[in-house]
Amino acid sequence: MTPDLEPLAIDKHTQFLGREIGRLSYGCWRFPGTPQSDIARKIDAAIEIGANLIDTAAVYGRGEAETMLGALIGERPSLRDDIVLVTKGGITPPVPYNSAKAHLVESCDASLERLKCDRIDVFLVHRPDYLTGHAEVADALDTLVKSGKARAVGVSNYTLEQTRALQHFLDVPLVATQPEISALRIDTLFDGTLDHAHAAQLLPMAWSPLAGGSLVTGKDPKGAGDRFNNLISALDRVAAENDATRDCVALAWLMAHPAGIVPIVGTQSPERIRAAAGAFEIKMNRRDWYDILEASLGERMP
Ligand SMILES: NC(=O)c1ccc[n+]([C@@H]2O[C@H](COP(=O)([O-])OP(=O)(O)OC[C@H]3O[C@@H](n4cnc5c(N)ncnc54)[C@H](OP(=O)(O)O)[C@@H]3O)[C@@H](O)[C@H]2O)c1
C-alpha cells in the first residue's frame, strides 16, 4: 500500500493534566429539558466509550445543566474522580458577557455549589469579554487556581491573539481551548488556532463537532448550498467504504488532525453516545481526509 492510502492513525486516548483521557469527550449543553432520571445513563455511556472529560457551563440552561450533573455527582460521589470536569463562566445573558474578576470568581463558586464538588478540573472563560482587559481576566484565573477552586484554566471562543494576550498576563499556563470545529466549520485549521494549541500544548476541544447535528441530518444549516451538499457526499463516500455512519466519519476526520482535537459529543441518546465510539474504527487515508476538506472549502487545495 502506498503511504497515501494507509489509514490515518487515531489514538483512543491522550494525556491531559497528568492523567489519561479519551479522545472523545461529552458535553451537557443539551441536558436542560431532558429528564433528570436519564442523566446517569448518558454519563455512564460516555464513560463506557472512554469519554471521561465532561464539559458543561454556568450558562447552560442558566445553571440547570450543572445542577443536573451535580445531582448525579451528589448521589454518586465516586463519579467526581472518574471524570475530568470542565465548566465555564463569563456569559451573562442578556448583557451578554462579563469576565470581570469578581464575576468570574463568583461564577466559579456558584458552579461548584451546583456541581456539588469543591474543585473544577478546568475552568474556561466562555467567550472573550471586550470590556474586561486581559490582565484582569488573568488575575481572576490565577486566583481560581491559587485558591484551589480550579485545578487549571483555559479559554473558549478566543482567537489566537486573544489567547496569547491572556497568557501574557497569567502566572499559570492555559491548558485548553474550546472553539467550534467540525467538518463544516473549519476556520481554526487556517487561522492559527490549532497551530497555536499544538505548539502551546493546549487541549483543543471541538464544540458542535457535528455542526449541531446538521452533518447528521444532512439539512443545510446556513444556506451553504452546494458546498454543504458536497461535504455530505464526501462524508457519505467514506462512511460507505467503512460500513459506518456519517457522524462517525465526521468525528474521525476531526480526530485525525495532528493537533489532537477532542470532539465534544453532544447527543442526548445513550445509544448514540455509544455509537460515537465507531469513529475509532474508521479507516481514512490522506486522500479521504483532503476530499472532505476540499468539499467543505468548496475548492481544490492549491
Ligand atoms: N464553548 C461553547 O461556546 C460551546 C457552544 C456549544 C456547544 N458547546 C459544547 O459542545 C457540546 C456539543 O455540542 P452539540 O450538542 O452542538 O454537538 P453536535 O454533536 O454537533 O450536535 C448534537 C446534536 O446533533 C443531534 N444528533 C442527531 N443524530 C445524532 C447522532 N447520530 N449522533 C450525535 N448527535 C446527533 C443531537 O440530537 P440528539 O440528542 O437527538 O441525538 C443534537 O441535537 C455541548 O454539549 C457543549 O458541551 C460549547
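Both counts, for ligands and for their atoms, begin at 1 and track the order of listing.
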K.L.:
Quick one, list the residues around ligand 1 where some non-hydrogen atom comes in under 4.0 Å, by chain and residue number.
P.N.:
Gly27, Cys28, Trp29, Arg30, Asp55, Tyr60, Lys88, His126, Ser156, Asn157, Gln178, Trp207, Ser208, Pro209, Leu210, Ala211, Gly212, Gly213, Val216, Asp247, Ile264, Gly266, Thr267, Gln268, Arg272

K.L.:
Would you call Arg185-Asp187 a salt bridge at under 4.0 Å N-O?
P.N.:
yes

K.L.:
If you count the non-hydrogen atoms of other residues, nucleotides and ligands that lie under 6.0 Å from CD in Glu48, is the total more than 12?
P.N.:
yes

K.L.:
Check Arg287 with Glu294, please: is the shortest side-chain N to carboxylate O separation under 4.0 Å?
P.N.:
yes

K.L.:
Should the ring pair Trp253 and Trp289 be called parallel, tilted or perpendicular, given that the plane angle runs from 0 to 90° and is split at 30 and 60?
P.N.:
parallel

K.L.:
Look at the aromatic rings of His126 and Tyr60 and report parallel, tilted or perpendicular, splitting at 30° and 60°.
P.N.:
perpendicular

K.L.:
Would Val84 and Arg19 count as a side-chain contact (heavy atoms from CB on, under 4.5 Å) if you check the C-alpha gap in whole Å, the side-chain angles of each, and the deciding distance to 0.1 Å?
P.N.:
CA-CA 9 Å; Val84 171; Arg19 66 185 280 186; 3.7 Å; yes

